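Atoms within each ligand, like the ligands themselves, are counted from 1 in listed order. The model shown is predicted, which means the values in this text are computed figures rather than measured ones.
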Amino acid sequence: MQLTYSIPFLTLLPTFITALPPTHLVYEAPNDTWLENLAARGCGSILPNLLHRFSSGSLTVGITETTPDTFQVIVASATLENNSIYTVSFLVNSDVPLIHLAATVSGAGLLNGLATLNPNTVLAADSYKGVVWAIDTLTGASRIAISDTLMAPLTTSVFESTIGINGIKLRGSTLYLTNSAQALFAKMEIQPNGTAINAAEVIAHSPPGTTYDDFALDGRRDAFLATSQGNTIEEVGRVGEPQIIVAGNINSTEIAEPTAAQFGRTLADRDVLYVTTAGGLEAPINGDERVGGQLVAVDTRGLWRA
Ligand SMILES: *[C@@H]1O[C@H](CO)[C@@H](O)[C@H](O)[C@H]1NC(C)=O
Ligand SMILES: *[C@@H]1O[C@H](CO)[C@@H](O)[C@H](O)[C@H]1NC(C)=O
Ligand SMILES: *[C@@H]1O[C@H](CO)[C@@H](O)[C@H](O)[C@H]1NC(C)=O
Ligand SMILES: *[C@@H]1O[C@H](CO)[C@@H](O)[C@H](O)[C@H]1NC(C)=O
């Protein structure tokens, strides 16, 4: 009996989506600046990660918080000769970071996404080698923790073909990951020391004309993925559920070449999805439009979700 009543109710729910949620520009970097990643501090400020792709300097690619107000950041030399982890910490009520080299990962290809395994250990996605490293930020020791076929790069796709595993996020014992070359979002169970329990399983594939970069997990069970040259944020739930564009448009610079996303951490902004962008530096919008790398806020409160 209840079921018969629930069917018309469910079919009405989607009418609550009247328009995509509002977005607003928080910050725009100068032209030719690539914002690759970000983290929100507990106090509410955002640390966007600048990636000066075309300079001779180094690239900063991944960031994760390991203990309150202590962040680990991947710094790769422009030649990719060295992939290092730097620890960036803030003293209480201070905006001045203390920075030191924590580890240099010898043998790494390109460290990209970063996740916290425990207060002393980070997991780092290696986009070129198609593996995940476990790196001890106190001793500097590193080892390959996971190698899986769903992490490998490809050489057949045109866009970012050499970038395999890209973003990683850990929730409990489940590691979520994107693979740009293989156009997929996947998950796997891992041990407390970072070793895989099972093979990775595909949750979703990025639609044609998009490439999954980094992503955020919400407080429920959904992921919000940056689609790179798709210029959108796509929400993905469980396997087989519809993949929904929640912000941006392929033809618009509103979210120009998004690279990563992160929910706010204060009561006031916990439903705000902060998105970093590359501004169309690699994939200009409509063929020729570029803006500086941006930090864009997407208000997700109005989103209908099952
Ligand atoms: C940035 O690039 C746009 C488009 O090419 C151009 O219109 C604008 O003047 C540039 N801004 C600066 C500060 O150079
Ligand atoms: C790479 O690391 C080695 C050892 O720390 C150092 O001597 C070298 O200058 C580094 N290369 C670059 C390009 O940073
Ligand atoms: C990780 O933990 C598992 C389960 O306890 C164990 O079998 C494995 O040997 C550990 N691996 C490393 C590298 O410590
Ligand atoms: C983007 O622009 C193209 C060319 O004008 C058009 O065919 C397409 O429908 C547009 N896509 C969206 C999502 O607006």
Engineer: Answer with yes or no after comparing the ring centroid distance for F185 and F215 against a 6.0 Å cut-off, counting only values under it.
Structural biologist: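 Yes: the rings meet the under 6.0 Å criterion.
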
Engineer: Got I285 and N231 here, is their nearest side-chain heavy-atom distance under 4.5 Å?
Structural biologist: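 Answer yes - side chains close enough.
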
Engineer: Please confirm whether F71 and Y86 have ring centers closer than 6.0 angstrom.
Structural biologist: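 Not under 6.0 Å, so no.
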
Engineer: Do D136 and R143 sit within salt-bridge range, that is, some charged N less than 4.0 Å from a carboxylate O?
Structural biologist: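 No.
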
Engineer: Could you walk me through whether R301 and D299 pass salt bridge (charged side-chain N to carboxylate O under 4.0 Å, His left out), step by step?
Structural biologist: CA-CA 6 Å; R301 278 173 306 181; D299 183 348; 2.6 Å; yes

Engineer: With atoms numbered from 1 as shown, which atoms in ligand 3 lie under 4.0 angstrom from a non-hydrogen atom of T195?
Structural biologist: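 The list of qualifying atoms is 1 (C), 11 (N).
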
Engineer: At a 4.0 Å threshold, what atoms of ligand 3 neighbour a non-hydrogen atom of N193?
Structural biologist: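 This gives 1 (C), 2 (O), 3 (C), 8 (C), 10 (C), 11 (N), 12 (C), 14 (O) as the contact atoms.
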
Engineer: Show the distances, to 0.1 Å, for all pairs joining an N/O atom of ligand 4 and a protein N/O atom that are shorter than 3.5 Å, listing one pair per line.
Structural biologist:
unit_1, atom_1, unit_2, atom_2, d
ligand 4, 2 (O), N251, OD1, 3.1
ligand 4, 2 (O), N251, ND2, 2.3
ligand 4, 11 (N), N251, ND2, 3.0
ligand 4, 14 (O), N249, ND2, 3.4
ligand 4, 14 (O), N251, ND2, 3.4

Engineer: Just jot down the ligand 3 atoms closer than 4.0 angstrom to any heavy atom of R143, in number order.
Structural biologist: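 So the answer, numbered in order with elements, is 13 (C).
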
Engineer: Which of the numbered atoms in ligand 3 are under 4.0 angstrom from any heavy atom belonging to Q191?
Structural biologist: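 Ligand 3 atoms under the 4.0 Å threshold to Q191: 4 (C).
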
Engineer: Hey, are T227 and E234 close enough side-chain-wise for a donor-acceptor pair under 3.5 Å?
Structural biologist: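 Side-chain D/A pair, E234 to T227: absent.
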
Engineer: Do R290 and E282 meet the salt-bridge criterion of a basic N to acidic O distance under 4.0 Å?
Structural biologist: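 Salt bridge absent between E282 and R290.
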
Engineer: Count the heavy atoms of every other residue, nucleotide or ligand shown that sit under 6.0 Å from CD1 of I245, and state whether that count exceeds 12.
Structural biologist: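 Counting neighbours around CD1 of I245, 12 or fewer heavy atoms of other residues, nucleotides or ligands fall under 6.0 Å, so no.
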
